[in-house]
Undergrad: 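Here it is, the structure in full.
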Amino acid sequence: MIRLRLFLFLIFLFFSSLAIAGSHSINSNFEEEFEAAVVNIQEKKYLEAVKGFRALAKEGLPAAQFNLSLLNVSGLGTPKNFKEALYWSWYAHLNGHETALDQVTQVYEFITEDLRNDVANQIIEELIEAANSGDQMSAFKLGQTYTELLVTPDYQSAYVWLSIAQAYGLEEPSKLLKETAKQLTLEDILVQQNEAADKFLKINP
């Protein structure tokens, strides 16, 4: 209980500054909507803030995803929901928010391992659908989620999707692919390479 109170106290201390600080990276098409949501927080119109950040979070804006996670932890504008907090903070991390991983780590302390896996599997399903539709970054994000969000990493599946991401010419997956390969036997690697090749051809016939 003390740890939870401290966590919430820290959130209130820097809540507004985090929301405002994230605005510099906002796509100009959404800047006005983001600033309106920030103003709603400052004016304690939390219901409106949640609606605004949720709409932007679904568009993939990491600052909005991060702020929506904070609102779910604090219970402002929406009932407290640590599952939603983890879901949105992980997406913020995948999309490049600089401090979202700290938020993810803090949320771990207040959920079960089963819930963590539930969130991971939900995100994996969503990313697989996007990756199978040809979204290249989703392949890399799958590698991250398989290795970092699941309680027990799935290195085989991560290797497959990281190999596909690297095949697209993305630079980011290379380091994680090497680290993932270290967790596999040579036999595992050869099997996953064949699976990656098959998936890649189905996505890019």
Side-chain angles (χ1 to χ4, degrees), residues 1-23 25-26 30 33-34 37-38 40-130 137-138 140-154 157-158:
M1 179 62 71
I2 294 175
R3 191 183 303 172
L4 178 58
R5 286 176 179 171
L6 176 60
F7 180 35
L8 295 180
F9 175 70
L10 290 173
I11 286 174
F12 279 109
L13 279 180
F14 56 81
F15 195 88
S16 296
S17 63
L18 282 174
I20 296 170
S23 64
S25 61
I26 298 300
F30 300 110
E33 291 91 336
F34 184 86
V38 171
N40 281 328
I41 286 180
Q42 295 169 337
E43 295 180 353
K44 298 184 179 181
K45 298 177 180 178
Y46 299 117
L47 280 173
E48 291 83 353
V50 167
K51 290 177 183 177
F53 284 135
R54 182 178 288 121
L56 294 172
K58 290 179 179 179
E59 293 289 342
L61 274 69
Q65 292 167 338
F66 181 76
N67 287 334
L68 186 57
S69 174
L70 288 178
L71 286 163
N72 273 280
V73 167
S74 66
L76 294 172
T78 183
K80 289 183 181 180
N81 191 319
F82 295 148
K83 181 178 181 180
E84 285 290 301
L86 179 59
Y87 176 90
W88 288 116
S89 58
W90 184 255
Y91 263 119
H93 168 60
L94 291 179
N95 290 322
H97 193 284
E98 293 181 356
T99 60
L101 191 57
D102 292 336
Q103 169 79 349
V104 169
T105 302
Q106 289 175 324
V107 173
Y108 284 164
E109 299 184 28
F110 308 109
I111 63 172
T112 63
E113 290 187 345
D114 285 343
L115 182 57
R116 175 175 165 178
N117 280 332
D118 285 346
V119 173
N121 287 320
Q122 179 183 349
I123 292 173
I124 285 168
E125 288 182 11
E126 294 169 358
L127 291 174
I128 286 177
E129 182 177 355
M137 283 303 297
S138 288
F140 174 45
K141 293 173 182 178
L142 275 165
Q144 293 175 281
T145 305
Y146 276 121
T147 57
E148 299 170 19
L149 185 57
L150 286 170
V151 175
T152 302
D154 181 350
S157 296

Undergrad: Over all heavy atoms of both residues, which pair between Leu94 and Gln144 is shortest? Give the atoms and the distance, please.
TA: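 So the two residues come closest at CD2-OE1, 3.4 Å.
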
Undergrad: Please report, to 0.1 Å, the donor-acceptor pairs under 3.5 Å made by any side chain of residues 55-65, with sequence neighbours excluded.
TA:
unit_1: Gln65; atom_1: OE1; unit_2: Ala92; atom_2: N; d: 3.3
unit_1: Gln65; atom_1: OE1; unit_2: Asn95; atom_2: ND2; d: 3.0
unit_1: Gln65; atom_1: NE2; unit_2: Ala57; atom_2: O; d: 3.1

Undergrad: What pairs with Ala85 under side-chain contact (heavy atoms from CB on, under 4.5 Å), at least two apart in sequence or on another chain?
TA: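 Counting only residues at least two positions away or on another chain, Ala85 forms a side-chain contact (heavy atoms from CB on, under 4.5 Å) with Ser69, Asn72, Val73, Val107.
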
Undergrad: Indicate every side-chain donor-acceptor pair of residues 117-130 with a distance under 3.5 Å to a residue at least two apart or in another chain.
TA:
unit_1: Asn117; atom_1: OD1; unit_2: Val151; atom_2: N; d: 3.0
unit_1: Asn121; atom_1: ND2; unit_2: Asn117; atom_2: O; d: 3.1
unit_1: Gln122; atom_1: NE2; unit_2: Glu126; atom_2: OE2; d: 3.4
unit_1: Glu126; atom_1: OE1; unit_2: Tyr87; atom_2: OH; d: 2.8
unit_1: Glu126; atom_1: OE1; unit_2: Tyr91; atom_2: OH; d: 2.6
unit_1: Glu126; atom_1: OE2; unit_2: Tyr87; atom_2: OH; d: 3.1

Undergrad: Report the distance from atom NZ of Lys44 to atom CG of Leu76, rounding to the nearest 0.5 Å.
TA: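 Nearest 0.5 Å value for the NZ-CG distance: 9.5 Å.
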
Undergrad: Identify, with sequence neighbours excluded, every residue that meets side-chain hydrogen bond (donor to acceptor under 3.5 Å, both in side chains) alongside Thr78.
TA: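 Thr78 satisfies side-chain hydrogen bond (donor to acceptor under 3.5 Å, both in side chains) with no other residue.
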
Undergrad: Measuring from atom CD1 of Ile41 to atom OH of Tyr46, what distance do you get when rounded to the nearest 0.5 angstrom?
TA: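 It comes to 7.5 Å.
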
Undergrad: What class does the angle between the rings of Phe110 and Phe82 fall in, given that below 30° is parallel, 30 to 60° is tilted and above 60° is perpendicular?
TA: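 Phe110 and Phe82: tilted rings.
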
Undergrad: How many angstroms lie between OG1 in Thr145 and CZ in Phe140, if you round to the nearest 0.5 Å?
TA: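 It comes to 9.5 Å.
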
Undergrad: Rounded to the nearest 0.5 Å, what's the gap from CG on Leu47 to CG on Leu71? Could you check?
TA: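 Going from CG on Leu47 over to CG on Leu71, the span is 10.5 Å.
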
Undergrad: Without swapping roles, check the side chain of Thr99 against the backbone of Asp102 for a donor-acceptor pair under 3.5 Å.
TA: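 Judged by distance alone, no pair lies under 3.5 Å.
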
Undergrad: Kindly give the heavy-atom pair with the smallest separation between Glu148 and Tyr108, and that separation in Å.
TA: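 Glu148 and Tyr108 have their closest heavy atoms at O-OH, 3.7 Å.
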
Undergrad: Looking at residues at least two apart in the chain, or sitting in another chain, which of them share a side-chain hydrogen bond (donor to acceptor under 3.5 Å, both in side chains) with Glu84?
TA: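 Only Trp88 meet the side-chain hydrogen bond (donor to acceptor under 3.5 Å, both in side chains) criterion with Glu84.
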
Undergrad: Quick one: side-chain contact (heavy atoms from CB on, under 4.5 Å) partners of Leu101, sequence neighbours excluded?
TA: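 Only Trp90, His93, Val104 meet the side-chain contact (heavy atoms from CB on, under 4.5 Å) criterion with Leu101.
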
Undergrad: Side-chain contact test, heavy atoms from C-beta onward, threshold under 4.5 Å: evaluate it for Val50 versus Leu68 and give yes or no.
TA: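 Val50 vs Leu68: side chains touch.
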
Undergrad: Which residues satisfy the side-chain hydrogen bond (donor to acceptor under 3.5 Å, both in side chains) test with Asp154, sequence neighbours excluded?
TA: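 So Asp154 forms a side-chain hydrogen bond (donor to acceptor under 3.5 Å, both in side chains) with Ser157.
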
Undergrad: Return the set of residues passing side-chain hydrogen bond (donor to acceptor under 3.5 Å, both in side chains) with Lys45 (not counting sequence neighbours), or none when no residue passes.
TA: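 Once residues adjacent in sequence are excluded, the partners of Lys45 under the side-chain hydrogen bond (donor to acceptor under 3.5 Å, both in side chains) criterion are Glu43.
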
Undergrad: Looking only at heavy atoms, what is the nearest atom pair of Ser89 and Gln103, with distance?
TA: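 The answer is CB-CG, 3.5 Å.
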
